[in-house]
S.K.: 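Got a structure for you, written out below as structure tokens; questions coming shortly.
Quick note on labels: first sequence line is chain A, next is B, and so on, each numbered from 1.
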Amino acid sequence: MLKLEKLQAWYGRSHILQGIDLEVNKGELVCLIGRNGAGKTTTLRAVMGLTSRAEGRVVFDGQDILKLPTHRRNGLGLGYVPEERRIVPGMSVRDNLRLGLLASHHTAREADVIAEIAETFPRLAERLDQDATTMSGGEQQMLAIARAMVSKPKLLMLDEPSEGIMPVLVDEMFALFARLRDGGTTILLVEQNVELALGIADRAYIMDQGEIVYQADAKALLADAEIQERYCSV
Amino acid sequence: MDGLTPDLLVLQLFTGLALGAIYVLLALGMSLLFGMLTVVNFAHGAFYMLGAYAGLVLLGMGFNFWACLIIAPIIVGSLGMLCERFLIRHLYGRGIDYPLLLTFGLSYVLVELVRIFFGTSGYPVDTPDILQGASDIWIGYFPTYRLFVIGVAVVVLTALWLFLERTPYGLIIRAGARDPQIVRILGIDVARVWLVVFGIGTGLAALAGLLAAPLQGTSPEMGSTILAESFVVTVVGGMGSLVGAVVAGLLVGVVVAMTSLFAPEMAQVAIFALMAVVLLVRPQGFFGRAGLMS
Ligand SMILES: Nc1ncnc2c1ncn2[C@@H]1O[C@H](COP(=O)(O)OP(=O)(O)O)[C@@H](O)[C@H]1O
Ligand SMILES: [Mg+2]
């Protein structure tokens with residue numbers, strides 16, 4: 001579904017990604033881990049076309065999208081929940097959700113979407129008319145995920161969704177990711193919460209200094225304390 | 001002060017509101033462009049002037065004033081969109097001074113073009129028959145046309161508010177003003193949104209120019225004085241704030257009208273004095289967000 005080949009990316013003059021090869025197959029939940037500053041966020045941003053320069057190949061659904069503008073990538077079925085969540089301040093939960101639907105290539109009806117949200121994210125359904133930024137961090141993260149999901153992306157990319165969120169909610173969130181994957185959404189998950197992430201993932205890649213340094217079956221990596229220690233401990 | 005009755009003061013207040021209505025239309029567009037695109041549009045006065053000349057041409061072609069009110073802003077707004085698409089768009093993200101210098105130059109080009117095609121002297125524009133004379137507004141007689149200007153501003157404001165707050169497109173514009181990147185991530189072509197916003201902003205300037213034409217006639221330079229005044233309005237209201245543009249526009253209009261009543265020669269100075277006082281007390285203006293420029 002998504003295939004990165006020798007992907008390089010820059011922010012201004014700094015060369016961040018040194019040539020990434022990474023693949024996410026249809027129906028998989030793949031997890032990308034590594035220390036702070038390894039280049040995980042930059043990888044997702046490069047896939048969305050948000051770095052100042054990128055080279056190599058980003059193949060999505062058989063098409064090289066490297067030169068496409070960000071909004072067209074979303075139109076092809078790439079959903080992205082950025083690290084900072086980016087809930088629009090001063091807007092209600094409902095308006096933030098509607099924003100996920102307004103692109104001309106999305107055809108779902110608002111009422112249907114809200115009904116679905118009520119099932120998957122009951123907390124949000126109760127707060128539809130509340131100013132979104134007055135919600136707790138966990139609720140805002142749920143909203144960011146729901147907003148990316150309303151357009152039913154083929155591939156959902158999540159950047160550290162559990163960061164700064166209460167442990168109870170984190171468990172709930174990971175259970176949701178597993179359910180989404182089982183429901184047919186392909187997921188690329190960036191996480192610092194290595195054990196939880198490997199617990200639900202199918203495969204994993206480890207990044208360090210802008211390169212993929214290790215890849216393995218998630219279960220195998222979960223059992224390999226040495227590798228985890230080498231690349232993921234702070 | 002002989003003859004300074006409360007009625008006279010109220011009438012002068014209305015004069016101020018009519019003048020303020022013109023400022024509001026100009027400052028709304030300016031604030032929209034600054035708030036969304038961080039473009040300080042120095043050509044805003046030129047688009048105002050073009051609105052008046054577009055009206056002049058359309059009237060000459062036999063269109064009535066009402067049709068001109070619709071068509072002239074559409075023509076000038078389209079020209080504004082062309083300028084955005086082919087000139088200004090390339091400068092986004094390069095810092096505030098690039099579009100500022102470009103629009104500054106653009107205003108000279110537009111004014112010069114009008115001088116070439118229409119001459120350096122101005123033209124009078126007739127007030128439409130039905131709006132001539134004065135109307136009884138209970139406390140006294142007030143020029144009908146000025147009432148009409150206030151009315152148009154109210155209608156435009158309401159329409160703009162409904163558009164921004166109640167339509168999907170308005171939602172996109174508001175979100176784009178706060179965080180264009182997430183709007184892109186969600187699949188929306190922000191460049192198209194900005195094009196539309198530029199069209200609306202310059203169209204509003206054109207409408208203001210056309211409305212002002214029967215009051216003061218047209219001249220190629222008519223945009224330059226009012227440009228400075230609407231900058232004051234935008235700054236006093238808070239750069240980027242639409243509510244601020246409305247409140248400050250009316251306030252500046254009233255201050256000018258009242259000063260003219262007591263000390264006509266001080267009217268222009270009063271505007272800048274007002275700005276100085278507001279900026280000393282509240283540097284971001286009435287409704288501006290602090291640190292917008294940092
Ligand atoms: N906007 C930026 N401009 C310049 N350098 C950046 C920018 N964002 C991130 N970096 C640098 O890129 C490297 C990778 O960052 P990032 O992708 O955010 O890592 P991770 O998400 O794995 O923590 C870091 O060294 C960071 O300092
Ligand atoms: Mg990161």
S.K.: Heavy atoms only: give me the nearest Ala175(B)-Leu99(A) pair and the separation to one decimal.
M.R.: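 Reported closest heavy-atom pair: CB-CD2, 3.4 Å.
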
S.K.: Verify the neighbour count for atom CD of Glu119(A): are there more than 12 heavy atoms of other residues, nucleotides or ligands below 6.0 Å?
M.R.: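 Check fails, neighbour count at 12 or below.
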
S.K.: Give, as side chain, backbone, both or neither, the part of Asp179(B) having an atom under 4.5 angstrom from any heavy atom of chain A.
M.R.: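 Side chain of Asp179(B) only, per the 4.5 Å heavy-atom cut-off to chain A.
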
S.K.: Tell me, yes or no, whether the heavy-atom count around Tyr92(B) atom OH, taken from other residues, nucleotides or ligands under 6.0 Å, exceeds 12.
M.R.: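 Yes - once you tally the heavy atoms of other residues, nucleotides and ligands closer than 6.0 Å, there are more than 12.
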
S.K.: Are more than 12 heavy atoms from other residues, nucleotides or ligands located less than 6.0 Å from atom OH of Tyr11(A)?
M.R.: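 Yes, the 6.0 Å shell around OH holds more than 12 heavy atoms from other groups.
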
S.K.: Taking side chain as everything from C-beta outward and backbone as N, CA, C, O, which of these in Ile87(A) sits under 4.5 Å from a heavy atom of chain B? Side chain, backbone, both or neither.
M.R.: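 Neither part; nothing is under 4.5 Å.
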
S.K.: Might you confirm whether atom CZ of Phe104(B) has over 12 heavy atoms from other residues, nucleotides or ligands at distances under 6.0 Å?
M.R.: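 Open.
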
S.K.: Name the region of Ser151(A), side chain, backbone, both or neither, that has any atom closer than 4.5 Å to a heavy atom of chain B.
M.R.: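 Interface part for Ser151(A): neither.
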
S.K.: What part of Pro153(A) gets within 4.5 angstrom of chain B, counting heavy atoms only: side chain, backbone, both, or neither?
M.R.: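 Contact with chain B is absent: no heavy atom of Pro153(A) under 4.5 Å.
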
S.K.: Side chain from CB out, backbone as N, CA, C, O: work out which of these in Pro89(A) comes under 4.5 Å of a heavy atom of chain B, or both, or neither.
M.R.: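 Its backbone and side chain both get close to chain B.
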
S.K.: Does anything in residues 181-188 of chain B reach chain A? List residues with heavy atoms under 4.5 Å apart, or say none.
M.R.: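 Against chain A, the residues of residues 181-188 of chain B that fall inside the cut-off (heavy atoms, under 4.5 Å) are Gln181(B), Ile182(B), Arg184(B), Ile185(B), Leu186(B), Gly187(B), Ile188(B).
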
S.K.: Check the surroundings of atom CZ in Arg282(B): do more than 12 heavy atoms from other residues, nucleotides or ligands lie under 6.0 Å from it?
M.R.: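 Result for CZ/Arg282(B): enclosed.
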
S.K.: Quick check on Arg72(A) against chain B: is it the side chain, the backbone, both or neither that has a heavy atom closer than 4.5 Å?
M.R.: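 Interface part for Arg72(A): neither.
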
S.K.: Take a 6.0 Å sphere around CZ of Arg94(A) and say whether it holds more than 12 heavy atoms from other residues, nucleotides or ligands.
M.R.: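 Counting other residues, nucleotides and ligands, CZ of Arg94(A) exceeds 12 neighbours.
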
S.K.: Under the side chain to side chain contact (heavy atoms under 4.5 Å, CB included) rule, what do Leu171(B) and Met91(A) come out as? Steps first, then yes or no, please.
M.R.: CA-CA 9 Å; Leu171(B) 179 64; Met91(A) 277 191 187; 3.7 Å; yes

